[in-house]
Amino acid sequence: MNKPIADFRSDNSGRVAPELIAALATANAGTALGYGGDPWTAELQNRFAELFETPVRVFPVPTGTAANALSLAAVCPSFGAVYCSTDAHINTSEGNAVGFFSGGVRMAAIPGSHGKIDAQMLERAIASAGVGLANKAQPAAVNIVQSTDLGAVYSLDEVAATSQVAHAHGLKVHMDGARIANAVARLGCTPAQATWKSGVDILSFGITKNGGLLADAIVVFTPDVATDIGFHLRRAGAVWSKMRFASAQILAYVEDGLWLRLAGHANDAAARIATRIRPLAGVSLSAPVEANVLFVEMAPHALTALQEEGILFQRRGPGLGRFVCRWDTSAAEQDALVAAITRASAMGEHPLPRNVELHGEHRA
Ligand SMILES: Cc1ncc(COP(=O)(O)O)c(C=O)c1O
């Protein structure tokens, strides 16, 4: 392989936004109480209440997996089931952290398009789950990934429809917002509309992928959930002792809409690439490009040619590549990818094996 010329492996591969590094340096003065007893963490509660236009509780956590697993552990009994998309990160890529931290919750995966849950299929799945039967896992929560693992964005109506089904059956709604900034930037809605106004009870608020440093957060909209969540977090070792640094960077992240500008850049990069490669023969996009991720189908030898040219991406199957744009994806990287795909597409069309999984790939 040539020297890497462009990196589309993941939004985890990017840098930390300078504003957040500056916030860490500013917070690095004097002393402050640990475990969230500091002024930054207190301010974070107020700031997020403003951002979401409702009282919330915010818990900074180390990873998106911790945010998901501990959110769900807090809202599900150990004999519960969480309904999610077959493509949901909790189902494909978190080593059953939900099951572990909840003491036994199982995932009930239901199909839908482009990583979404279909509300009607959800209704049918819950109706046939065996509610009240002691030999069945009891429906407890629904997990919505926004934006989805396949790069699509739920409309507000879709989130609301899914939430309505969940609430009608007494289930809580958890949103995996590892890429919620990309979704809110795309939808042009308020954070409140994207979440609790559409029925979300508890949110994994992603930061790391969009310019953060080692911190995501759990945002709780339903007060009765928040009473237990602190115990789950502490028991899991997911409470920062020097919490001020997590909170200071999260404050900077949402200051003056920075989080949406960063995500907007990544979304725009993906949209520009999609527009330029869509007309090419032998190239197709297997999911709508609505956030910062592109799934590109090409002949296997053409994808290999991209890799040999030094384009870094995830191979999700012989003829399927995942390309992720970051807040700091450069114009040169976008041009390099489009040029390489244009050259590779001219190598001739081959039948496209669709969505064949490669084993051993780590999904980020
Ligand atoms: C949709 C989604 N949710 C959750 C996560 C988990 O985040 P982390 O890797 O920080 O545990 C990821 C990470 O790739 C993700 O893509």
Side-chain angles (χ1 to χ4, degrees), residues 7-16 20 59-73 82-101 107 109 112 114-117 141-154 159 173-186 194-195 200 202-219 232-233 236-238 240 246 249-250 253 259 263 266-267 270 287 289-295 312-314 316 322-327 361-364:
D7 191 342
F8 292 90
R9 287 173 297 181
S10 172
D11 29 17
N12 290 325
S13 311
R15 291 174 294 130
V16 175
L20 275 59
F59 301 87
V61 292
T63 65
T65 300
N68 287 343
L70 295 164
S71 294
L72 287 164
V82 174
Y83 290 82
C84 62
S85 156
T86 42
D87 298 298
H89 205 263
I90 58 166
N91 189 44
T92 64
S93 310
E94 296 184 3
N96 198 23
V98 174
F100 178 74
F101 283 109
M107 248 70 78
H114 311 310
K116 296 181 186 176
I117 287 185
V142 173
N143 163 269
I144 294 173
V145 187
Q146 179 73 310
S147 51
T148 76
D149 296 86
L150 300 186
V153 173
Y154 282 85
V159 176
V173 178
H174 166 249
M175 179 172 275
D176 174 351
R179 298 190 178 86
I180 190 166
N182 304 90
V184 173
R186 161 80 189 200
T195 55
V200 175
I202 186 163
L203 166 71
S204 298
F205 184 82
I207 299 160
T208 306
K209 292 181 195 310
N210 190 34
L213 171 72
L214 310 175
D216 285 354
I218 296 172
V219 182
H232 285 278
L233 289 165
W240 300 101
Q249 69 156 301
I250 300 171
Y253 179 69
W259 63 303
N267 289 357
V289 180
E290 294 173 344
N292 62 326
V293 184
L294 305 101
F295 282 85
L312 303 176
F313 61 98
Q314 255 189 18
R316 283 286 178 93
R322 187 192 77 157
F323 300 79
V324 184
C325 296
R326 314 173 309 271
W327 72 271
E361 283 278 356
H362 173 74
R363 294 184 169 198

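Whatever order the structure lists ligands and atoms in, that order sets their numbers, starting from 1. This chain uses plain numbering: 1 for the first residue, then up along the sequence.
Only the side chain of V145 comes within 4.0 Å of ligand 1, judged by heavy-atom distances. The proximity of T208 to ligand 1, defined as any non-hydrogen pair under 4.0 Å, does not occur for either the backbone or the side chain. Contacts between D176 and ligand 1, counted as non-hydrogen atom pairs separated by less than 4.0 Å, involve the side chain only.
Proximity of Y83 to N143: side-chain heavy atoms (C-beta onward) are nowhere separated by under 4.5 Å. In this structure, the side chains of E290 and T148 stay at 4.5 Å or more apart for every pair of heavy atoms. Looking at heavy atoms from C-beta onward, I180 lies in side-chain contact with F205 at the 4.5 angstrom threshold.
Polar contact check, T65 against ligand 1: a nitrogen or oxygen pair lies under 3.5 Å apart. Polar contact with ligand 1: absent for N12 (N/O pair, distance under 3.5 Å). Of the polar atoms of A66, none of the N or O atoms is found under 3.5 Å from an N or O of ligand 1, judged by distance alone. The distance criterion of under 3.5 Å between nitrogen or oxygen atoms is not met by D149 with respect to ligand 1.
Atoms of ligand 1 found under 4.0 Å from any heavy atom of T63 (numbered from 1 in listed order, with element): 10 (O), 11 (O). Under a 4.0 Å criterion applied to the non-hydrogen atoms of E94, ligand 1 contributes the atoms 4 (C), 5 (C), 6 (C). When each atom of ligand 1 is checked for a heavy atom of A178 under 4.0 Å away, the hits are 1 (C), 2 (C), 3 (N), 4 (C), 15 (C). Ligand 1 places these atoms under 4.0 Å from at least one heavy atom of N68: 3 (N), 4 (C). Within ligand 1, the atoms closer than 4.0 Å to a non-hydrogen atom of G64 are 6 (C), 7 (O), 8 (P), 10 (O), 11 (O), numbered from 1 in the order shown.
With sequence neighbours left out, F59 forms a ring-ring contact (aromatic ring centres under 6.0 Å, His included) with no residue at all. F101 pairs by the ring-ring contact (aromatic ring centres under 6.0 Å, His included) definition with nothing, not counting sequence neighbours.
For the 3.5 Å distance criterion, the side chains of T208 and D216 qualify, holding a donor opposite an acceptor. A donor-acceptor contact under 3.5 angstrom links the side chains of N182 and N267, judged on distance only.
A salt bridge is defined here as a Lys NZ or Arg NE, NH1 or NH2 lying under 4.0 Å from an Asp or Glu carboxylate O, and D11 with R179 meets this definition.
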